[in-house]
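Contents: one structure, followed by commentary.
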Amino acid sequence: MIVEVQPLAGFDRLLTYEVSEKISSQLKVGCLVQIPLGRRRVLGVVFSLDSKETIDPEKLRFLGGLIQPEPVLSLDLIRLSKWICNYYSCSMESVLAAMIPAVVREGKKAKNEKWIQLHPQNKKGDDLKSAPKQQELFYKLKEIGKPIRKTKLINELGFGLNTIKGLITKGLVHEVFEIVQREAYDDELDDDVVESKWELTPEQKEASRQLEDLLQKKKFGVQLLHGVTGSGKTEVYFEAMEVALDQGGGVLFLVPEVSLAPQTVARLRARFSKRNEKVEVWHSHLSGGERLDAWRNLTTGKSRIVVGARSAVFAPIPSLRLIVVDEEHELAYKQEDTPRYHGRDLAVYRAMLNEACCILGSATPSLETFRNVERNKYGLSQLSKRIDGRQLPLMHIVDMRLDARRGKGGSVLSQTLVESMRERFEKKEQTILFLNRRGFNTTMLCTDCGFVEECKDCSIALTFHRTDGYLRCHLCGFRKVAPRVCASCKSIEIRKKGHGTQRIEDLVSELMPRSSRVVRVDADMMTKKNLFRETLRDFRLGKIDVLVGTQMIAKGLDFPNVTLVGVIDADLPLRMEDFRASERAFQLLVQVAGRAGRGDRAGEVYVQTYAPHSSSIQFSRKPDVYGFLEEEMEMRKELEYPPFRHLIRHIFRGRSLEKTEFYSNQWRKKLEAEPVPGLEVKGPALAPIEKIKGYYRFHLFYLTASVSSCLKQLKKRREDFPLDPEIHDILDVDAHQMS
Ligand code: ADP
Ligand code: ZN
Ligand code: ZN
């Protein structure tokens, strides 16, 4: 038998090995094996059981050994890995590293523990008189009355190994193996989530019926579940999950960020524990042992429901029937390290490989997804009303261009917003303030008329560089000297600076009554999981009056006592160097507005803006999602930006600014000399974050209708474009981050 093995380290192509008789009967595709590679022995995964390659039998080497008989990769994951390699143009090694958890990759087995148990038939220990130690142990075990860990007998109760062995040979006790279970998130089970099964609303019923129909077809299908915030999408996912489980299939539930979805995890657990289903939580903070347990539970069929963030798209769920992608529009689904995959797109592809269904849920669908609905590739189910007919909060637009609105808060907090916050505080109601934390570089904004300088070719805001006083386009590299007065109204009030969360927390504390409590949550807090959770708990318990944070607290959280939401700088995304800016701003506003008035009281939202007439602000008022999508789609179509073409970002980085710039320019020249058909090239331009960890960054952007054919051509050009060893380049296919 000759097989093809993909090494897990150090060699990025399939290698061929011969298999000995002994192993060949056990070997399956996806098995983890040991292989000789040069002088080393490394681990690899079997990709095929018959090699097409003809190899000199003299040179053929034998496969070293099988680590475990159960495959570490299912067939669908192997196919998925190949697709990722091609589509995202990355090494198989990096894909497998993302797919197979380190503990599994290293060939570790589940942690077994030996437990000692009395043999049920042997009730008497009388004939043990000649062995007093054994007798003592016998009566001790009887007293305990249940299995006990062997290490505990030895280390804590002081029995010797020989005593235990003695009883085993006499057949009075026996050893059992228990797999140690370490379960993540046990502590997260919120007590207050007691999920009773609701009577579904008519809309929920209709959506559930459509999804059931889709599942019953037992074919690949994708459905967008578009439901306004608070319309009860989760309940509809659960109904579909029940159908998939009834069909005997497994279910994957993806959320943008697990620590922001504790309520979803608790609701999933509560709902499916009734069916005796175990829900595996899959996220990046799992310890090796926890992940190994989850892995084993899935591969052995003990559990078949997984909830997790984007990397859970690789969870080894057997006979996958349904994948739910909640908040499908979220940026967090895009992985920003190699392999730079998009979790939602992989979910759809994996569903296809399994002839399964995929539900994409959102209140503000991405343009990518909506385009697929328009082209009838995806179906659409809608929930247009909030549960119990609750009103969406009233949205007030605060035009920050009018000086009169600004009070002590200067250009940061309007008088109107501050007054409303004080009012809520007196009524013992709570406020959330949102701001956009991004904005490392800044655009030039005229605070008198709201004018922003844009690149005429790319329709994105130009950003100001303090170092040389230029305004630059970060897509195409266009630059011009920053003007001293507003080009539209000639005002000198042009601002070049954003403001951070810290500053706003201080300002709010100053402006609010002394007895109020203002707390800020930011990205740093996310790494301290407990601190973040405690803050949210305090807020829920009413110990905090005003919570200040970025959009990360805009999703999934449900606080009934929040009646006021303020958005400090609603149009900052509009001024970012990103063609998705408008979409971002719109999504944020709709999402944020959904946070107010979730309880019995109606909520209010104050949106501070310098661009009150922009489409993202106007359409989010109602909100009119389809109105926005239509208008934005028109814009994208005109410029042929995604979703009409794919965007690939090509980053060059190096320690020397000159060298990095030189090589990215040379590359552009190469592409001009040997153009790739159907490829539009922009740049090179200095990246918005010019330097990271000492490396300067330049990037080019490619727009193309077909990723695969364009990558093929690009690779060919790249092969005869020798780069300086100090310069590195990376491709980011379907790039979302422009910075
Ligand atoms: P969405 O994800 O669409 O924003 P959720 O699924 O979180 O909304 O539902 C909002 C709230 O409504 C939740 O607290 C949920 O428990 C509740 N809910 C959902 N469906 C029903 C129903 N049919 N009857 C009563 N309450 C419901
Ligand atoms: Zn102006
Ligand atoms: Zn430009």
Side-chain angles (χ1 to χ4, degrees), residues 190 192-208 225-239 253 255 261 263-264 266-268 270-271 324 326-328 359 361-364 381-390 392 401 444-463 471-480 483-495 554-560 577-579 590-591 593-595 597-599 610-611 639 641 680-686 699-701 738:
D190 256 334
D192 48 325
V193 183
V194 230
E195 182 87 339
S196 50
K197 220 176 152 183
W198 312 102
E199 170 73 30
L200 294 184
T201 64
E203 276 193 331
Q204 282 176 320
K205 271 190 198 144
E206 175 59 16
S208 302
L225 177 61
H226 172 230
V228 299
T229 43
S231 60
K233 289 188 285 297
T234 316
E235 213 60 30
V236 176
Y237 302 144
F238 287 180
E239 291 295 309
F253 193 116
V255 293
Q263 288 163 350
T264 308
R267 278 169 73 183
L268 268 166
R271 172 75 173 255
V324 175
D326 192 22
E327 311 285 359
E328 65 84 24
I359 305 176
S362 177
T364 50
S381 298
Q382 286 163 292
L383 303 174
S384 62
K385 300 183 194 73
R386 288 183 121 187
I387 293 291
D388 295 341
R390 273 179 240 152
L392 276 168
R401 295 175 305 177
M444 263 188 150
L445 165 74
C446 170
T447 56
D448 274 345
C449 77
F451 179 77
V452 175
E453 294 267 0
E454 278 187 358
C455 172
K456 57 186 185 324
D457 288 333
C458 309
S459 279
I460 60 163
L462 296 174
T463 52
L471 285 176
R472 282 193 171 78
C473 170
H474 284 295
L475 273 183
C476 71
F478 167 80
R479 64 170 200 181
K480 70 175 193 186
R484 289 174 185 280
V485 295
C486 167
S488 172
C489 75
K490 307 285 177 255
S491 159
I492 51 162
E493 293 295 317
I494 39 181
R495 199 175 79 186
K555 358 162 171 152
L557 303 168
D558 207 342
F559 303 106
E577 56 291 320
D578 190 341
F579 67 89
V590 175
Q591 217 48 251
R595 293 307 113 199
R598 285 208 140 201
Y610 287 96
L639 296 156
Y641 277 147
E680 185 186 335
V681 183
K682 280 177 182 276
L686 194 58
H699 57 197
L700 292 101
F701 287 90
M738 303 291 138

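Counting starts at 1 for both ligands and their atoms, in listed order.
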Ranking Gln591, Glu235, Arg267 by closest non-hydrogen atom to atom 13 (C) of ligand 1, top hit is Arg267

Any nitrogen or oxygen of [X] lying under 3.5 Å from a nitrogen or oxygen in ligand 1? Just yes or no.
X	answer
Ile387	no
Thr229	no
Thr234	yes

Flag the pair [X] / [Y] as yes when at least one side-chain heavy-atom distance between them is below 4.5 Å, and no otherwise.
X	Y	result
Val236	Glu203	no
Cys473	Lys682	no
Cys455	Leu471	no

Tell me whether [X] reaches ligand 1 (any heavy atom closer than 4.0 angstrom to a ligand atom).
X	value
Gly227	no
Arg386	no
Val228	yes

Tell me, please, if Cys476 has any N/O/S atom, main chain or side chain, under 2.8 Å from the Zn ion (ligand 3)?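 Yes, Cys476 qualifies, because one of its backbone or side-chain N, O or S atoms lies under 2.8 Å.
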
task = Give me the ring orientation class for Phe253 and Tyr237: parallel if the planes are under 30° apart, tilted from 30 to 60°, perpendicular past 60°.
result =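 The arrangement is perpendicular - the two ring planes meet at more than 60°.
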
Item to check | Any donor-acceptor pair under 3.5 Å from Arg484 side chain to Ile492 backbone | outcome: no

### Message
Using a 3.5 Å distance criterion without hydrogens, assess whether the side chain of Glu235 forms a donor-acceptor pair with backbone atoms of Leu200.
### Response
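Not confirmed, Glu235 side chain does not pair with Leu200 backbone.
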
Exercise. Check ligand 1 against Leu200 and write out every atom of the ligand that is under 4.0 Å from a heavy-atom position of the residue.
Key: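 Selected atoms, number and element: 23 (N).
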
Logged contact type for Glu199 with ligand 1, heavy-atom cut-off 4.0 Å, is backbone

Only to 10 degrees, please: what angle do the SG atom of Cys449 and the SG atom of Cys446 make about the Zn ion (ligand 2)?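 It is 110°, given to the nearest 10°.
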
Rounded to 10°, the SG/Cys489 to the Zn ion (ligand 2) to SG/Cys486 angle comes out at 110°

Heavy-atom closest pair (Tyr610 atom, Arg401 atom, distance to 0.1 Å) is O-CD, 3.5 Å

What one should report as the nearest heavy-atom pair of Gln204 and Gly232 is NE2-O, 3.0 Å

In Ile359, Val324, Leu225, Val228, the residue satisfying side chain to side chain contact (heavy atoms under 4.5 Å, CB included) with Lys233 is Leu225

ang(SG Cys455, the Zn ion (ligand 3), SG Cys473) rounded to 10° is 110°

